[in-house]
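Have a look at the structure below before the remarks.
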Amino acid sequence: MKFAIITHVIHKKEHGSFYAYEPYVREMNLWLKNVSKIRIVAPFSKNKTTNIDERYRAKNIDFKQISSFNVLTFKNKITSLFKIPFIGFEIIKSCYWADHIHLRCPGNIGLLGCIVQIFFPLKKKTVKYAGNWDPNSLNQPLSYKIQKWIISNTFLTRNCKVLVYGNWKNQTKNIIPFFTASYTKEEINQVEPKHFSTKIKFIFVGAFSIGKQPGLSVKIIKELLKKGYNVQLDMYGNGVEYKKVEKYVFDNKINNNVFLHGNQSKEVVKLAYQKSHFLVFISKSEGWPKVIAEAMFWSCLPISTKVSCVPYMLKNGERGVLIKNNINEIVSNIELLINNEDIYQKKVISAKKWSQQFTLDKFSYEIKQFI
């Protein structure tokens, strides 16, 4: 089978192998086990690989480099007018070539792919929509709304399965509730119960972006310290807010309680989950936040906002803590659990049991059904 992947994810090459963002490649390696010929249409970078990059296991990859683009500024809008025809032409060629077209959405490249696939109604297709599918979600970019409209329209998008996070009402027949996974069945082991008798450990994992609000996680720790709690926050990730968070930690003299580790490997973060009591993840928008599922897998209780399918993942608070974007409410909820350890332990057990059903083994089996 000839399998074409159309994605906005930036790729790299090192020692003859292609690399990209680890969670994405980890998933794609499972898709590619089931195909014989592979073509990837994606942007390319000459930068060196990092701790958050992963290698494609497949060897027979035909890589077609395209430009990335955005329309955020007037200058970028003008340059995009010249880039889009060349990108579209490469996508069209790959769709002609493929037996199965696989689109990664949302994104600008995904939008072009959504438009092109309309003209290939007989080709088998899958779309992985990794963003927030919530029909009631506000303030989503116009391009995201257009992509959602095209791929959920069964007249425009034919012979296609659209994999989305969460189980939403009143969807078209091609919309399939799906999940993602990080660990195998063999990795499941017994994590010793975590008590509050010593230091209470919090963890933040993700991009240091405005949307992920890493600074708010630090302020939560500061408030808990003021109340006399023995707490620690370990932060994993990088981004535009990193220096700002670093400065806040230094200025408020909490560098003995908040530690910024930067981007780290999957194994390092896995061990950190196992040692932590709480994940603090106060994000403004999500698809299926893998860090929440990962934390639950290792008995680390998530504290998160009610975005996308998070209420479904946390069963409206039975498997974690759902809060609004309010620091006083967040601190109060944490105190409630610290002072009622039985409730905490029940939530942890429920969260772990739910998350550990979504293994890479199950994920691989489900993917095979779509190919």
Side-chain angles (χ1 to χ4, degrees), residues 5 7 9 21-34 54 102-107 110 125-135 137 144 147-148 151-152 160-169 171-188 205-206 266 269-270 273 279 281 283 285-302 304-320 322 347-371:
I5 305 166
T7 177
V9 175
Y21 182 51
E22 189 267 339
Y24 158 80
V25 174
R26 183 174 64 228
E27 177 187 327
M28 291 315 307
N29 281 335
L30 298 178
W31 286 88
L32 299 182
K33 286 196 307 182
N34 303 290
E54 179 59 71
H102 182 71
L103 303 180
R104 306 295 295 196
C105 297
K125 287 165 274 186
T126 46
V127 177
K128 177 66 180 293
Y129 193 90
N132 183 358
W133 191 262
D134 184 354
S137 177
Y144 287 21
Q147 287 168 74
K148 290 169 74 172
I151 58 182
S152 62
C160 180
K161 302 293 184 185
V162 182
L163 313 182
V164 306
Y165 295 138
N167 199 340
W168 309 101
K169 295 180 180 179
Q171 299 299 303
T172 50
K173 62 182 180 181
N174 65 334
I175 306 301
I176 311 296
F178 209 54
F179 63 97
T180 192
S182 300
Y183 308 110
T184 64
K185 187 177 180 180
E186 286 70 29
E187 288 181 270
I188 295 175
V205 182
K266 175 187 172 183
V269 176
K270 172 182 166 180
Y273 285 133
L279 168 77
F281 194 71
S283 181
S285 181
E286 286 297 322
W288 173 286
K290 72 180 183 67
V291 296
I292 288 181
E294 288 174 353
M296 296 164 79
F297 200 99
W298 300 117
S299 301
C300 177
L301 197 70
S304 184
T305 40
K306 300 177 182 178
V307 295
S308 186
C309 61
V310 173
Y312 156 74
M313 296 175 76
L314 301 190
K315 201 177 180 182
N316 294 315
E318 287 186 28
R319 297 189 282 252
L322 287 169
K347 286 177 180 285
V348 166
I349 291 170
S350 178
K352 180 173 66 173
K353 182 178 179 181
W354 179 83
S355 180
Q356 288 184 350
Q357 68 181 307
F358 299 113
T359 62
L360 285 170
D361 311 77
K362 180 177 180 180
F363 192 60
S364 181
Y365 173 80
E366 296 293 341
I367 283 174
K368 192 174 183 178
Q369 312 311 305
F370 296 117
I371 295 181

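This is a predicted model, so every value here is computed, not measured.
- Between I175 atom CD1 and K161 atom NZ the span is 10.5 Å, to the nearest 0.5 Å.
- Panel note: side chain Q357, backbone K353; no donor-acceptor pair is recorded below 3.5 Å.
- Using modelled atom types, one side-chain atom of N174 and one backbone atom of I151 make a donor-acceptor pair closer than 3.5 Å.
- F358 and T180 make their closest contact through CB-O, 4.3 Å (heavy atoms, listed as atom of the first residue, atom of the second, distance).
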* Asked: Checking side-chain contact (heavy atoms from CB on, under 4.5 Å) for the pair M296/I292: CA distance, chi angles, key distance, verdict?
  -> CA-CA 6 Å; M296 296 164 79; I292 288 181; 3.7 Å; yes
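- A salt bridge links E27 with R104; the closest basic N to acidic carboxylate O contact falls under 4.0 Å.
- In this structure Q171 satisfies the side chain to side chain donor-acceptor pair (under 3.5 Å) test together with W133, sequence neighbours excluded.
- A distance of 10.5 Å separates CD of E366 from CD1 of I176, quoted to the nearest 0.5 Å.
- The shortest non-hydrogen separation linking L30 to I367 is CB-CD1, 4.1 Å.
- Proximity of D361 to T184: side-chain heavy atoms (C-beta onward) are separated by under 4.5 Å at one or more points.
- Closest non-hydrogen pair, L360 versus S182, comes out as CD1-O, 3.5 Å.
- Ring-centre distance between Y183 and Y273: not below the 6.0 Å cut-off.
- Crowding of Y21 atom OH: a count of heavy atoms from other residues, nucleotides or ligands under 6.0 Å not exceeding 12.
- Atom-to-atom distance recorded for N167:CG and F178:CZ is 13.5 Å, nearest 0.5 angstrom.
- If you take OG on S299 and NZ on K347, they are separated by 15.0 Å, rounding to the nearest 0.5 Å.
- Note that NZ of K352 and CH2 of W298 are 10.0 Å apart. Values are rounded to the nearest 0.5 Å.
- Shortest non-hydrogen contact noted between C309 and G166 is CB-CA, 3.7 Å.
- Atom CG of D134 and atom NZ of K306 lie 13.0 Å apart (nearest 0.5 Å).
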* Evaluate the criterion side-chain contact (heavy atoms from CB on, under 4.5 Å) for residue pair C160 and V127; output intermediate values, then yes/no. => CA-CA 7 Å; C160 180; V127 177; 3.7 Å; yes
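- Considering all non-hydrogen atoms of both residues, K290 and P23 come closest at CE-CG, 3.1 Å.
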Using residues 310-319 as the side-chain source, report each donor-acceptor pair under 3.5 Å to any protein atom, sequence neighbours left out, with the distance given to one decimal.
{"from": "R319", "atom 1": "NE", "to": "M313", "atom 2": "O", "distance (Å)": "2.7"}
{"from": "R319", "atom 1": "NH2", "to": "Y312", "atom 2": "O", "distance (Å)": "2.9"}
{"from": "R319", "atom 1": "NH2", "to": "M313", "atom 2": "O", "distance (Å)": "3.2"}

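- No side-chain heavy atom of T172 sits under 4.5 Å from any side-chain heavy atom of V162.
- With a 6.0 Å cutoff to the six-membered ring centre and a 45° limit on the axis angle, K128 does not count as a cation-pi contact of F370.
- Minimum heavy-atom separation, A293 to S355: O-OG, 2.6 Å.
- Ion pairing between K270 and E187 holds under the 4.0 Å rule for side-chain N and carboxylate O.
- Counting heavy atoms from C-beta on, the side chains of R26 and K266 come closer than 4.5 Å.
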